[in-house]
Amino acid sequence: TVDRPTLAASAPPPTASSTSSIIIDDIIRVLADTTTAARIRTDAEATAQSSTDFGTNVTVDAARPAAVFYPSCAADIAALLRASSASASPFPVSARGRGHSTQGQATAPGGVVIDMASLAGPHSATASRLAVSVDWRYIDAGGEQLWVDVLQAALAHGLTPRSWTDYLRLTVGGTLSNAGISGQAFRHGPQISNVLELDVVTGTGEVVTCSKHKDADLFHAVLGGLGQFGIITRARIPLAPAPARARWVRLLYTGAADLTADQERLIDDGRRGGALAGLMDYVEGSVLTDFQSLIGSWRSQPPSSFYSAADAAGIAALAKEAGGVLYCLEGALYYGGASDTTAADVDKGVEVLVRELRYARGFAFVQDVSYVQFLDRVSAGERKLRGEGLWDVPHPWLNLFLPRSHILDFAAGVFHGVLLHTGGAASSGGPVLVYPMNRGKWDGATSAVLPDDEDEVFYTVGILRSAVADGDLRRMEEQNAEVARFCEAAGIPCTQYLPYYATQAEWAARHFGPRRWDTFLRRKRKYDPMAILSRGQRIFSYPL
Ligand code: FAD
């Protein structure tokens with residue numbers, strides 16, 4: 001039976017005249033035209049699942065699609081998009097990777113959500129969605145593939161991608177639609193700087209293979225393009241020889257100035273870094289205000305905790321001296337396997353780090369883990385939280401990019417101000433990340449947006465909290481708004497990463513700015529003129 005969902009009164013209809021039944025008729029026509037195994041579901045279970053995400057974790061009726069489409073190959077997706085384009089009332093279509101967005105970005109209110117996972121499912125028309133070329137050192141990965149599976153496929157050949165996200169159960173297409181950042185980005189750039197070629201189905205249903213050398217405008221548009229220009233069905237990712245192990249280091253600091261100065265020395269590949277430049281393969285950092293849960297922090301669980309109960313007591317005393325806020329520099333040095341670095345090199349490197357860096361003496365913690373344990377470090381925390389029923393809760397996350405010149409003002413106002421004074425937010429929250437990257441490793445032709453600033457270094461701050469108790473969600477959302485007000489008042493020109501704005505005017509003025517908005521709009525008119533794709537981002541509506 002076709003269970004036709006009713007659109008909630010507040011759902012923005014795709015056009016005045018379209019209805020869910022027209023959409024479903026169009027899709028049924030598409031299915032009749034395709035010879036493959038694409039499927040469609042319109043039942044409440046499927047549409048409800050596609051209208052929630054990691055941010056809300058509840059079904060948002062206003063975000064419900066009329067149908068969920070399960071393609072077996074890129075041609076199915078192309079047929080669906082052509083049907084929408086050709087329709088008198090083009091209906092919204094959004095790819096859904098795994099729905100790890102936090103503000104409904106992968107939804108298609110009143111339209112069709114494409115369940116990308118089904119490209120690799122039992123009805124897949126393609127034998128392998130992960131293919132390594134050892135000779136040319138790349139992997140071809142389906143857009144629906146999880147990064148953890150990309151890693152395993154590459155490691156089977158002694159190879160690895162170089163740029164990661166902290167969490168590996170995200171899809172290739174989903175992170176490439178944003179940027180894909182982690183502690184390797186300072187050296188290798190974000191994941192969008194590590195792509196050789198893409199297969200894209202544009203909003204008009206055209207299937208295009210693009211790269212820096214062929215259809216470069218589409219290639220650059222799609223990278224960081226928030227799903228607005230096409231659906232990525234394959235990405236070719238360069239690979240490097242894989243190390244076997246990681247020396248994983250955490251150093252505690254009592255102030256942001258020392259932390260950031262050290263981080264900048266570590267990520268510098270020129271003169272400023274001195275003996276420290278290039279020692280680490282991964283550099284991140286975090287703000288610690290929650291000393292109770294320090295031992296069990298979910299974000300990066302090594303096989304055994306970094307901190308013993310005795311360490312935790314010492315850390316709490318240090319935090320008290322520092323006024324309640326500590327900073328942690330997190331780094332890793334890879335070695336062994338197919339890499340050129342030996343355990344002896346890493347021993348020496350750690351010696352230099354422990355000697356030269358300006359952390360609080362006595363508060364250096366080092367572990368030795370496998371390369372996979374290091375990269376997949378969030379999964380142990382995920383299992384733990386799932387076991388406690390604390391994974392599927394609302395996540396009012398705020399991710400920002402900030403100019404280097406303002407990071408200390410931001411730390412004073414937000415880490416020591418908004419988050420601390422308005423109810424100890426960071427305490428029942430989740431990790432607060434802060435780490436620098438090098439602008440030169442980002443390709444300005446992509447759709448990703450960095451802060452307007454001349455400085456080579458910029459920072460990312462991620463306030464990644466879970467709303468567990470009653471009232472948490474409202475309090476955290478209020479704090480996020482307070483952070484935005486603080487930045488505005490202090491004249492800190494920050495940009496959102498994984499951005500969310502409610503209106504086109506805000507996107508144009510506050511996120512893109514006039515020059516980048518012109519380019520974004522030009523590309524939208526060219527590749528998705530009916531504004532079909534990823535309407536859950538709330539950037540465009542039909543007609544453009
Ligand atoms: P979705 O949420 O399903 O989709 C995201 C957007 O991309 C939507 O607009 C969707 O329509 C579009 N889209 C999805 N697939 C495609 C495709 N194939 N082609 C075109 N458009 C597509 N990000 C980082 O950069 N670094 C991190 O360290 C990091 N850590 C995270 C940790 C956790 C626990 C979580 C939940 C998220 C984290 N993220 C991180 C954010 C992550 O990059 C985004 O959530 C991203 O959207 C990927 O999630 P997804 O693959 O489920 O995509």
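In listed order, ligands and their atoms are each counted from 1. Numbers for residues simply follow the sequence, beginning at 1.
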Using a 4.0 Å cutoff against the non-hydrogen atoms of [X], which atoms of ligand 1 qualify?
| X | value |
| --- | --- |
| G227 | 21 (N) |
| G180 | 25 (O) |
| R96 | 3 (O) |
| D166 | 27 (C), 28 (O) |
| Q105 | 8 (C), 9 (O), 11 (O) |
| W391 | 34 (C) |
| L498 | 41 (C) |
| G230 | 20 (C) |

Query raised in the report: Is G99 in contact with ligand 1, taking contact as a heavy-atom separation below 4.0 Å?
Result: yes
Are [X] and [Y] close enough that a side-chain donor and a side-chain acceptor fall under 3.5 Å?
| X | Y | result |
| --- | --- | --- |
| R98 | T171 | no |
| E330 | W248 | yes |
| Y371 | T160 | yes |

Query raised in the report: Is the gap between the ring centers of F520 and F229 under 6.0 Å?
Result: yes
Query raised in the report: Can you tell which of F186, Y497, F458 makes a ring-ring contact (aromatic ring centres under 6.0 Å, His included) with W442?
Result: F458
Requested in this report: From atom 11 (O) of ligand 1, work out which of G462, G104, A95 has a heavy atom at the shortest distance.
Outcome: A95
Query raised in the report: Considering residues at least two apart in sequence or located in another chain, which fulfil the side-chain contact (heavy atoms from CB on, under 4.5 Å) criterion with T260?
Result: Q263, E264, I407, L408, Y459
Report summary line: Residue set satisfying side chain to side chain donor-acceptor pair (under 3.5 Å) with Y70, at least two apart, ordered chain then number -> none
